[in-house]
**Q** 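The structure that follows is given in the form of structure tokens.
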Amino acid sequence: MKKFQFSLEKVLSYKQQKQEALRSEHAEILALVRAQEALVESRWERYREYSVEYRERCGRGLPMTEVLVYQSGLRAMEREIQSETMRLEQLKERAESKRKEVVAAKQETTAIEKLREKKARDYQKALEKSEEAFIEEFVSTSRVRAAAN
């Protein structure tokens, strides 16, 4: 019998390459998420520091023009934090979407791999049966020849 060949080997190879590409894309998005989280946290830290400075200066007495400058700065920082937080949420959604794609690709690949394993087992069983049939035929032919002589 000829060597086992899986007819869907090229499809499996393609699916594995696609799965690896999706994993890579997912890792890149997760890196962006972590960077964005760090950015949001740094913005919050800057906001807290600015707010503390504002309260300290207010406690010592602050001209109204500087109060307005601080309040304006705080509002601008709040808008920036809100904007960066929205971007973070979008990145998290992209990461979750890509994770679902990776899971689906893994399921497809696993299904084809299991099919290949099943076909390989079936092939091995057929090969063993063929060998057993050949041995039985050889033994019975040898017996017939021995009996005829």
Side-chain angles (χ1 to χ4, degrees), residues 1-59 62 66-145:
M1 261 182 118
K2 63 182 181 173
K3 184 180 172 191
F4 172 73
Q5 286 186 326
F6 184 55
S7 61
L8 298 175
E9 195 66 43
K10 289 183 181 182
V11 173
L12 178 59
S13 176
Y14 169 76
K15 294 287 186 182
Q16 288 169 334
Q17 289 172 2
K18 181 180 173 187
Q19 179 183 346
E20 284 304 312
L22 287 171
R23 279 185 178 166
S24 176
E25 291 172 18
H26 184 241
E28 289 172 9
I29 294 171
L30 287 177
L32 291 174
V33 167
R34 284 189 294 279
Q36 188 68 20
E37 286 172 339
L39 179 67
V40 168
E41 183 55 38
S42 72
R43 296 293 193 261
W44 272 112
E45 185 62 33
R46 194 175 93 202
Y47 177 83
R48 286 187 290 269
E49 290 170 0
Y50 195 72
S51 180
V52 166
E53 179 184 332
Y54 168 61
R55 279 186 258 125
E56 287 175 356
R57 293 207 50 204
C58 279
L62 195 61
E66 287 188 37
V67 168
L68 293 174
V69 169
Y70 271 102
Q71 289 177 348
S72 174
L74 287 170
R75 281 193 299 275
M77 286 182 190
E78 289 169 355
R79 285 190 301 273
E80 186 179 354
I81 290 169
Q82 185 179 20
S83 171
E84 295 298 341
T85 302
M86 285 176 51
R87 175 152 166 62
L88 175 60
E89 292 305 316
Q90 291 170 345
L91 285 171
K92 284 181 177 180
E93 288 173 10
R94 277 182 54 201
E96 180 60 21
S97 173
K98 193 58 71 173
R99 186 193 67 79
K100 287 178 181 177
E101 286 181 47
V102 169
V103 168
K106 176 66 177 159
Q107 288 173 342
E108 291 174 6
T109 303
T110 301
I112 295 173
E113 287 171 343
K114 286 184 179 182
L115 180 61
R116 177 177 63 182
E117 291 170 6
K118 182 182 181 303
K119 294 286 186 184
R121 281 192 307 270
D122 291 348
Y123 173 82
Q124 190 62 34
K125 287 178 184 175
L127 181 64
E128 289 170 3
K129 283 185 179 183
S130 171
E131 288 174 355
E132 287 174 11
F134 175 76
I135 291 170
E136 285 180 27
E137 184 178 324
F138 180 77
V139 168
S140 65
T141 303
S142 297
R143 286 184 184 161
V144 168
R145 284 187 185 161

**Q** Taking atom CD of Gln5 as the centre, report whether more than 12 heavy atoms of other residues, nucleotides or ligands fall under 6.0 Å from it.
**A**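 12 or below, so no.
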
**Q** What residues form a side-chain contact (heavy atoms from CB on, under 4.5 Å) with Thr141, not counting sequence neighbours?
**A**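 Listed in chain order: Glu137, Arg145.
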
**Q** Please determine whether side-chain contact (heavy atoms from CB on, under 4.5 Å) holds for the pair His26 and Glu101, giving the CA-CA distance in whole Å, both sets of side-chain angles, and the decisive distance to 0.1 Å.
**A** CA-CA 9 Å; His26 184 241; Glu101 286 181 47; over 6 Å; no

**Q** If every non-hydrogen atom of Tyr47 is compared with every non-hydrogen atom of Ile81, which pair is closest and at what distance?
**A**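 The answer is CB-CD1, 3.8 Å.
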
**Q** Would you mind listing every salt bridge (Lys or Arg N to Asp or Glu O under 4.0 Å) that reaches into residues 13-26, with sequence neighbours excluded?
**A**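 Counting only pairs at least two positions apart or across chains, the salt bridge (Lys or Arg N to Asp or Glu O under 4.0 Å) contacts touching residues 13-26 are Lys15-Glu108, Glu20-Arg23, Glu25-Lys98.
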
**Q** Taking ring pair (Phe, Tyr, Trp, His ring centres under 6.0 Å) as the definition, give me every residue that meets it alongside Phe4, ordered by chain and number, with sequence neighbours left out.
**A**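 Tyr123.
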
**Q** What residues form a side-chain hydrogen bond (donor to acceptor under 3.5 Å, both in side chains) with Ser51, not counting sequence neighbours?
**A**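 Applying side-chain hydrogen bond (donor to acceptor under 3.5 Å, both in side chains) to Ser51 gives Arg55.
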
**Q** Do Leu39 and Gln36 pass the side-chain contact (heavy atoms from CB on, under 4.5 Å) test, and can you show the C-alpha distance, the side-chain angles, and the key distance before you say yes or no?
**A** CA-CA 5 Å; Leu39 179 67; Gln36 188 68 20; 3.9 Å; yes

**Q** Please collect all salt bridge (Lys or Arg N to Asp or Glu O under 4.0 Å) contacts where either partner lies in residues 70-88, sequence neighbours excluded, each pair once.
**A**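 Qualifying pairs, neighbours excluded: Arg43-Glu80, Arg46-Glu80.
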
**Q** Leu8 and Arg116: side-chain contact (heavy atoms from CB on, under 4.5 Å), yes or no, with the steps?
**A** CA-CA 8 Å; Leu8 298 175; Arg116 177 177 63 182; over 6 Å; no

**Q** Is there a side chain to side chain donor-acceptor pair (under 3.5 Å) between Thr109 and Gln16? Walk through the geometry before answering.
**A** CA-CA 6 Å; Thr109 303; Gln16 288 169 334; over 6 Å; no

**Q** Name the one of Lys92, Glu96, Arg94, Glu28 that satisfies side-chain contact (heavy atoms from CB on, under 4.5 Å) with Val33?
**A**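 Result for side-chain contact (heavy atoms from CB on, under 4.5 Å) with Val33: Lys92.
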
**Q** Measuring from atom CG of Asp122 to atom CG of Leu115, what distance do you get when rounded to the nearest 0.5 angstrom?
**A**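 The CG atom of Leu115 is 9.5 Å from CG of Asp122, to the nearest 0.5 Å.
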
**Q** List in chain and number order the residues that pass ring pair (Phe, Tyr, Trp, His ring centres under 6.0 Å) with Tyr70, two or more places apart in sequence or in another chain; answer none if no residue qualifies.
**A**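 Only Tyr50, Tyr54 meet the ring pair (Phe, Tyr, Trp, His ring centres under 6.0 Å) criterion with Tyr70.
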
**Q** So does Glu45 pair up with Arg48, basic N to acidic O under 4.0 Å?
**A**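 Counted as a salt bridge, because a side-chain N and a carboxylate O are separated by less than 4.0 Å.
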
